[in-house]
Amino acid sequence: MLLQVNSIDVYYGSVQALKGVSLEVNEGEITSLIGSNGAGKSTLLKTISGLLKPASGSISFMGRRIDGLPPENIVSLGIAHVPEGRMIFPAFSVLDNLRIGAVSRFNSGKPKKEVLKEIEEDIERVFSLFPRLKERKNQLGWSLSGGEQQMLAVGRGLMARPKLLLLDEPSLGLAPYLVKEVFNIIKMINAQGTSIMVVEQNARMALKASHKAYVLETGEIVLSGPSSELLKSDQVRAIYLGAGVEQR
Amino acid sequence: MAPKNAKTFTLIAAGVVLLFLPKFIPSNYQMTVINLGGIYMILAAGLNVILGFTGLMSFTQVAFWGIGSYTAGLLAVEHGFPFLLTVPAAAFLTAAVGFLLGLPSLRKLKKFYLAVTTIGFVHITRLILENWTSLTRGADGLPGIPKPAIGPLRFDTMHEFYYITLISCFLLIWLTAVIKNSRVGRAMQAIREDDLAAEVMGVNVFKYKVLAFTISAFYGGLGGALYAHLVGYISPDIFTFEEAVTVLCMLMIGGSGLIAGPVVGATLLTVIPEWLRFMQEYNAIIYGAAVVVMAVYMPTGLVGLTQPYWRRLAVLFSSAKKNGGTG
Amino acid sequence: GAAQELAPAPKTFDVGFPVEMSGDAAITGDLQRKGTEMALEKINAEGGINGVPMRFIYEDTKGTNPGAISAFNKLLFSHNVIMSFATVRSTMVHALAPIIKENEVPAIFGGSAWSLSELEVPWMFRVRTDDRTVAQIMAKFMVEDLGHKKIAGLHDSDAFGTGGFVETAKALKEMYGIDVLTEQKYSTGTKDYTAQLLAIKNSGATCVFAWGTRLEDDAIILRQKAQLGLEVDFVGSASYSSTPIRDIAGDSVNGIYSAAGFTVANDDPLVQEYVKEFQAKYGELPDENSAWTYSSTLMLADALRKANVIQVVDGKPMMLPTKEAREAIRQALKGVRDFKTPMGSYTCDKWNNMLHEMPIIQIVDRKDKLIKVVSMEPELE
Amino acid sequence: MTHILETKAITKRFGGLVAVDSVDLQVSKGEIRGLIGPNGSGKSTLLNLISGVYPLDGGDIFLNGESVSKLSPHERAEKGIARTFQNNRLFPSLSILDNIMVGMHARTKSELHHTLFRHKMTKLEEESCRKKALDIMKFVGLKRGADYTAGALPHGERRLLEIARGLALEPQIILLDEPATGMNPAEKEWMIELTRNIRNTGITVILIEHNMRVVMEVCDRITVLNFGRKIAEGNPQEIQTNPEVIEAYLGEEEPEDVIAG
Amino acid sequence: MGFVYALSAMGIVLIYRTAGVVNFAQGSLVMLGAYVATSCIETLKLPMIGAIIAAVIIMAGVGAVFQRVAYYPLRYAGIIPVVISTIGVSVFLNNGVYVIWGTYPKFLPPIAGSGTITIFGTSIPLQNIAIALMAVALLFFQAYFFNKTWLGKKMQAVAQHQDTAALMGIKVSRMITFTFMYSTALAAIAGIFAGPIFFVSPGIAQILSKAFAASVVGGFGSVPGAVVGGIFVGLVETFGAYFISSAYRDAWAFGLLILFLLFRPQGIFGEPISEKV
Ligand SMILES: Nc1ncnc2c1ncn2[C@@H]1O[C@H](COP(=O)(O)OP(=O)(O)OP(=O)(O)O)[C@@H](O)[C@H]1O
Ligand SMILES: Nc1ncnc2c1ncn2[C@@H]1O[C@H](COP(=O)(O)OP(=O)(O)OP(=O)(O)O)[C@@H](O)[C@H]1O
Ligand SMILES: [Mg+2]
Ligand SMILES: [Mg+2]
């Protein structure tokens, strides 16, 4: 068990966004989280990465309690979060955005030189995944197109070489072929040993790519199970996969 | 219905208290403080239009104050204009200056560049008032500005002057409320929130920025004219950058963009230093600390505290986003 | 007055003093208060005003006119003082003048702008030499004693500096037909005077007179003058002889002349006694800031005693009603003649100026050296 | 046939990068025009050129045969060009109602002097604007109270409010930049319907969208950009089968997955 | 003179770049730096170099406290509440120094001595040369620091987006503290250089508006801009005062600033103002 979320409650002021949510992410697996707008998916990811504190319940990562830790410590433990809304550093170039994604790796205890070398290698890897970014590598973050920013956000998440990668709607605003590409990337890095938790509106692709899935509705987990089963479930098909598609 | 009645009742009660206030305040000293506070309130209300509604950081209010008080003072002393003429003349002339200043600077300058330009304008205005001796009598200042008289009515004492302050403050604050809820006011607020979005929605951003600047100059000029008649003597050394900062603090601590913001802020920042007088040489230190504390605990201003939680959050959110803007 | 209705006197006889306690002029305010407090000790040791101790109530002007107005109003209407001091800053005195006039309170002020006399407010008494007189003294000194004909002027562009410059230039012109070679101004708080000093250097002047308001400005001017190697006779207004200037301007202060209101180098025994006491009490040398408040407080106490504002009736101190008291004080102040103080001997002239002698000093080795003492011939009514 | 919107060889450069490269576009009145293309192909930039946010580096833009290239954004808005933004740009601390009423700015006239002297027009205008605003809210499907603060709305409703604000302008043409991103299937469904409803009121629509299901279902014609150039144009069937488009944009396999999303 | 503005402007620009804060207390911090340096010399009897180092260290500590009190609680609150709170701090400091150091101005000896050297017939105080060298050295240091070091990058990341920076594993509050310590240390250096010229009194705090002017001329947010802007403002006011009228000294600086901005609204080194839509 890599990550265990134990019946957490999360509030924004007096509004409760998560109600007793529990879930588990297994080592080496892709876990997907689906649900309508405002269900609390992003809130859950933010709570895991420490941006929000649960009012009650607990979260443990590799057997260690992490709820209450500040986000920077959680990152150092090996959880990277690609947040909703991209959050590119506007005044940094593409390269600097990628580099800054790797700063937590200096805490790993490896000699600095080695880390630096790895970082440059990883930048090349991200560029090979998203050639577009390479073309724009010295452009400042704010001036990138929406989709370019999205690619950069995902790339920056990879730069942390996390044990667990939290992806919040990684395919948002990407061209169709890139949507597929992003899921290929997800599968690929998973195959290389990174566990992944992905939030997606594109439920079909998410379910196809993942091992296990949870469905979140108004702050509560309403369904969970192996993705392949959920994909077949009538309930899921009706609500999240878009009934219209089936009729065409 | 009940809460609405309660609100009307409070407003009427407050009105009555304000109307008879001089009866309860025998001291000339306190009345002076109230009158000065009223003038600051007018300045802050003017700043509210430009900063609170339109979102442009400006320090010019104090320069407009100077221009207005000199216009009124010179017209009264040198040309014997009556009060009823000096005040509008000062207000409109200052508005014209504001308009002319706004034309070039608002077209291009953004954010902090504009703010520093207005700081420059404050320094330049003070220097001109001080050195253009043939017009302003220079650093000696201008004594002997008569107390207001409207026909047979005379306003010689602080207690009598109070009614002029009261009426002016009431009208001018009410005016900001009218502006805020009008088409023009909405356009200004849209500019504050996102000037580009406002522009593509059909708002002539430049025009309304200049208008807001002009209105704030009008307020500054009017406040200045009242000040000149209240004190009877003006000199260039009053209109300093420090005073500009004070007016800014008043608005922010009261709550910028909110109608009651200038009222609360000006009252508070006029009363607190007076109240701190007993601390003698420590008063300014404590005042500074108080400003920090208020900013820290009430970032949306005091009046902001009365707003619902989510609205406050949205306000904070929007200003935070601006802060994060492009590098 | 025979049938005046007296009321029991208060525990202390309170005099108001709006003074700079914060802002950048706090330094002079501080010195002024040292002067009054020292005088009070003396007065009260001698039984105060006919048995009632005298006390000062200070209110901060915050260095601004609106601040001074509310401070003054607070003194008048919250502390109900019978009379008050009214600051050294001429523009502030101007701002206070309408209140003084309207409320008919005797007020002693230090602002030196001649324009204040032209207000002709009978309640206002000036206890420092006015600019016009100082200007004439300066002009005379530069031309007659130092023998200069090529003279330049440097001044703060505030009311004090401008007024002083204009009066000096006028005196030079009227008395000796000399035109000032160049007029150089600066605003209070300027940090770099290179431009002004260079202009003076290039004008070929052999002597500069300077009217400055702020001590730090004066000190910077002197330092930069030394750095630029501007070797001319330098005659400064009173602030150029203040105590702290020697510490901060260092050796560049040496050699300058100043038409000081006061000097520790004066061997008048009253001055020497004052210097000794001041040093004992505060551990520093006094300068004009404290001397004028000290001297005028002594003078005031004397006038108050003579005015019989407080009388002892049946062993109890009784006081005149406010209005009468104020009139009596005014009369007493008007009647001051030849009252000896460390500032010289005060005589009230027809303009309500308390004229007194004026020393001219040179600073040598950072110490005052008395050059001469100029006496006045007051125009009496 | 006259086109409501026509661009002739419009070009935009950012430093060395040609973001929009000599694009010709002809949009007929009442059409829903899709604008697709890979990320960074210049779609948003094209909208920015049409709405006047960026100045042109070359070419000319016509609205109803009349050149608008020299007009400022607010003048173009007055002429009837409305738009939404790819990243929400609402007026966050204003209410829903005020957001929509700012949209009506160009269609109303009350200046300060009217307001101050309580001109009759002002009152009538305010009344009718308020009513219209409520109608528009209903039209786009915003169910919340009109006084709710825009900044506190969830994502989906913000997108609707932005469209509402654009419609308040009573535009001839509205430019929508990825209105359906981040929406769930049900909301996307509504987006499709809303787009059609807008067109049915006589407003021409230009729609940027990466979701093929939305694009294919709703657009009359589609223009495809790549590297700032127009590479294809046609009806949805033609575009879907155009090899160049497939290569540059749609990708080869499993189209149904992508389309479904 | 220009270089003193430059040094103060650098502090302002730095804290803007790394915390997004427009610091109205920078002038007062410069003043405090000068006071602290004076005390190190007078009271602690430290030698010049020791005093400078001590003052810089003490001021860095002040920066940490300043940050904690007046900025950290407001870090999400947007720019204007922070401006107000820095204004409060400046009022506090400008008057607070009287309590500790009394009302007399103090004299801080120039670190380069009071000698002058003669270049092309004009004598230039050594102190001015030292200031210029310092400004240029700091300029290069900062350029290196921000563009080449990880710490510099981390600080900038925090300025741009705090939450995201935290998600990258950057210790946000520590970076903010560093930033403030660094910029108050800069203020201390400016104060140490300004002290001998201005004398140590609250009057020093008034360089704030000139420092703002300098930072804007140079292009707000640009470190070389701050230096160039400072020199520009210094030169303009000296020449304006000399050739036109000394009374309008401040007016020349600001007048030209305004004119300049009308033609180049983004300052000398500023990015052309534009935003992504
Ligand atoms: N900063 C905030 N303040 C108050 N309420 C918030 C805040 N952020 C989110 N919420 C509320 O919390 C709930 C959950 O929001 P969350 O962003 O987690 O949803 P989500 O499932 O990620 O939705 P989406 O698919 O739109 O991203 C929503 O009702 C939302 O309105
Ligand atoms: N202000 C700018 N400065 C520099 N380059 C820019 C600027 N705006 C856009 N670009 C570049 O121009 C290209 C086109 O951008 P645009 O935003 O139009 O793309 P898009 O087609 O909308 O993409 P997406 O689908 O990702 O939103 C991109 O490569 C982008 O990086
Ligand atoms: Mg979400
Ligand atoms: Mg786009």
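The sequence lines fix the lettering, A, B, ..., with proteins before strands; numbering per chain opens at 1.
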Requested in this report: Locate the shortest heavy-atom distance separating D/L94 from B/E193; write the atom from each residue and the value.
Outcome: N-OE1, 4.0 Å
Query raised in the report: About how many Å separate CZ of B/R186 and CG of D/L97, when rounded to the nearest 0.5 Å?
Result: 7.5 Å
Requested in this report: Report, by ascending residue number, the residues of residues 214-225 of chain B in heavy-atom contact with chain D at a distance under 4.5 Å; give 'none' if the set is empty.
Outcome: B/I215
Query raised in the report: In Å and rounded to the nearest 0.5 Å, what is the CG to CE distance from B/N181 to D/M101?
Result: 9.5 Å
Query raised in the report: Among D/N99, D/T84, D/T108, who wins on heavy-atom pairs under 4.5 Å with chain B?
Result: D/T108
**Report entry** Side chain / backbone / both / neither for B/F206 at chain D, heavy atoms under 4.5 Å
**Finding:** neither
Requested in this report: Keeping to residues at least two apart or across chains, list the salt bridge (Lys or Arg N to Asp or Glu O under 4.0 Å) pairs with something in residues 200-213 of chain B.
Outcome: B/K207-D/E111
**Report entry** Heavy-atom neighbours of D/R130 CZ exceed 12 at 6.0 Å
**Finding:** no
Report task. Compare every heavy atom of D/F91 with every heavy atom of B/A197, then report the nearest pair and how far apart it is. Result -> CB-CE2, 3.8 Å
Query raised in the report: Just by modelled atom types, is the B/L196 backbone N or O under 3.5 Å from a matching donor or acceptor in the D/R89 side chain?
Result: no
Query raised in the report: Considering all heavy atoms of both residues, which atom of B/D194 and which atom of D/L90 are nearest to each other, and what is their separation?
Result: CB-O, 4.3 Å
Query raised in the report: Take atom CZ in D/F14; do more than 12 heavy atoms of anything else shown fall under 6.0 Å from it?
Result: yes
Query raised in the report: What do you reckon, is OH of B/Y163 surrounded by more than 12 foreign heavy atoms closer than 6.0 Å?
Result: yes
Query raised in the report: Closest approach of D/H74 and B/V203, non-hydrogen atoms and distance?
Result: CB-O, 3.4 Å
Query raised in the report: Does D/E126 use its side chain to pair, donor to acceptor, with the backbone of B/S182 at less than 3.5 Å?
Result: no
Query raised in the report: Do D/S93 and B/R192 have side chains that get closer than 4.5 Å, going by heavy atoms?
Result: yes
Requested in this report: Please flag which part of D/R76 lies under 4.5 Å from any non-hydrogen atom of chain B: side chain, backbone, both or neither.
Outcome: neither
Query raised in the report: Does the B/R183 side chain pair with the main chain of D/H105, one donor and one acceptor, at a distance under 3.5 Å?
Result: yes
